[in-house]
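As structure tokens, the structure follows; a few thoughts come after it.
Every number for a ligand or one of its atoms is a count from 1 in the order of the listing. Values below: all heavy atoms of this structure, side chains included; hydrogens, waters and symmetry mates excluded.
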Amino acid sequence: MKKLALHWKILIGMTLGVIWALLSSSLGWSEFTINWIDPFGTIFINLLKLIAVPLVLFSIISGVANIGDPASLGRMGGKTLLIYLLTTVLAISLGLLLVNTIKPGKLIDTQSRIDNRISYEIWASSQGYQIKDGINYLQDPEFMQRAQEISDLTKSELKEASVSDKLEKASKQKDASPLQPLVDIVPDNFFYSLSNNGLMLQIIFFAIFFGICLLFIPTDKAQPVINLVDSINEVFLKMVDIVMQAAPFFVFALLAGVVSKMAGDDIGKVVEIFKGLSWYSLTVFVGLMIMIFITYPAILKTFVKKIPYAGFFKAMSPAQTLAFSTSSSAATLPVTMECVEQNLGVNKKVSSFVLPIGATVNMDGTSLYQAVAVIFLAQLHMIDLTIGQQLTIVLTTTLASIGSAAVPSAGLVMLIIVLDSVGLNPAWIAIIFPVDRILDMFRTVVNVTGDATVCSIIADGENMLDYHGDKDPTETFDLDS
Ligand code: ASP
């Protein structure tokens, strides 16, 4: 009998997880789910992350050392960064187009928007900002009283959503020197970088440096090291295969946990949360779907003719379903690498270099969502952003998505910096916080799909793409393959 493809098993796991969470919520068992099922989801993410860091290290060293020529490495590196940048700007432009057309923030009732505007004015004046188009509500005692109520409410909501520590984290990043991101890439202690999952760029830097040096030492000295690195790499890839066998169960636990935490023992709450933010969520969702089903396939069709539409999705489905359930491009990276190499036929030399960089710096889904979120929040507060401010958003969302770590909710934290760059109140992230986890799942799928698209383009350009449509993705994570 033909085996069920892994992505189907994962999808079944996800559906059962949601059904379980809804059932347990209505039966009052949410605590049981959170205490006894959700931890398996955490174990799964831990396992994937455990593999991701050494895999990135060894696969980059092996990729760079096997390229054999530093000049072609430089050319590939330049092309990779340029195309990653272009796809990010494309995603942001799409987000801006959608949010300015649908105007989700203006679909909320006017009275609430006026209330919002007042609280914004109070906040802005406390920050010393000038509001050019504002009516001066501050003279009116009735408005002032309502404004106080709103601002108290925001404070307590902020606390509840534990957004305050996120604010603090982001403000630290903001105060650093403009060259700080560059400084942060160069580790002063490599063992420290290895022990911290957030320092992936430092690991990438070290691996490239190490790989290049292998190219410059005599072959008889370099070859044993390259062989060792290649073999260690195989071990980690086998670990991915083993962990993926249990993915459907783990994904069940992950989804059951996420939904139970949102719903508690009252499913109605989830529905309420979504009703208020439905237009915003829909705008983000439409943008992300356009990226996945139209933009990337169109880019592939233009630059890589070999890979057909359905073939691309068939090849990437295990990574996409995993990105959706883990909300982390870093945790998904080992699986993305296997899908791209085994199913799309990208040569390891390219994928081991392009994908880890992509997982860390290329986040098209995150940047699209940030662009939509900022404009939505501005609309909600009756603030019309000028073209200049919208261009600032393009710039800051690009940087913010590069700076976002590839873990759940990282995009939300960096949104604070984008809001700040156009003079809006960073505390507003509390407004969109309730739906963020779900949107995070979709934007992570876009992030991973974008990396795979760019990787295929680079591989094709280097004549290192050998796509065989007849590969059965059921076998991608076979233990004896
Ligand atoms: N969760 C996303 C990722 O890992 C980042 C984000 O948008 O929060 O790609």
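Between Phe206 and Leu57, some side-chain heavy-atom pair lies under the 4.5 Å cut-off.
The shortest N/O to N/O separation between Val407 and ligand 1 falls below 3.5 Å. Taking only nitrogen or oxygen atoms, main chain and side chain alike, Ala405 does not reach within less than 3.5 Å of ligand 1. In terms of polar-atom proximity, defined here as any N/O pair under 3.5 Å, Met363 makes no such contact with ligand 1.
Numbered from 1 in the order shown, with element, the atoms of ligand 1 that lie under 4.0 Å from a heavy atom of Thr366 read 5 (C), 6 (C), 7 (O). Atoms of ligand 1 found under 4.0 Å from any heavy atom of Gly411 (numbered from 1 in listed order, with element): 6 (C), 7 (O), 8 (O). Proximity to Asp440 (heavy-atom distance under 4.0 Å) selects the following atoms of ligand 1: 1 (N), 2 (C), 6 (C), 7 (O), 8 (O). Which parts of ligand 1 touch Ser328 is read off a 4.0 Å heavy-atom cut-off, strictly below it: atoms 4 (O). Using a 4.0 Å cut-off to heavy atoms of Ser409, the atoms of ligand 1 that qualify are 8 (O).
Relative orientation of the Phe324 and Phe442 rings is perpendicular, given thresholds of 30° and 60° on the angle between their planes. Aromatic ring orientation, Tyr120 versus His381: perpendicular (interplanar angle above 60°, classes split at 30° and 60°).
One distance of note links CD of Gln389 with CD1 of Ile375; it measures 8.5 Å at 0.5 Å rounding. Atom CZ of Phe58 sits about 13.5 Å away from atom OG of Ser352, to the nearest 0.5 Å. In this structure, the separation between CZ on Phe303 and CD1 on Ile457 is 6.0 Å, given to the nearest 0.5 Å.
For atom 4 (O) of ligand 1, the nearest protein heavy atom (residue, atom name, distance) is Ser329 N, 2.9 Å.
Proximity of a side-chain donor or acceptor of Gln202 to a complementary backbone N or O of Asp184 within less than 3.5 Å is detected.
No part of Val448 comes within 4.0 Å of ligand 1, judged by heavy-atom distances.
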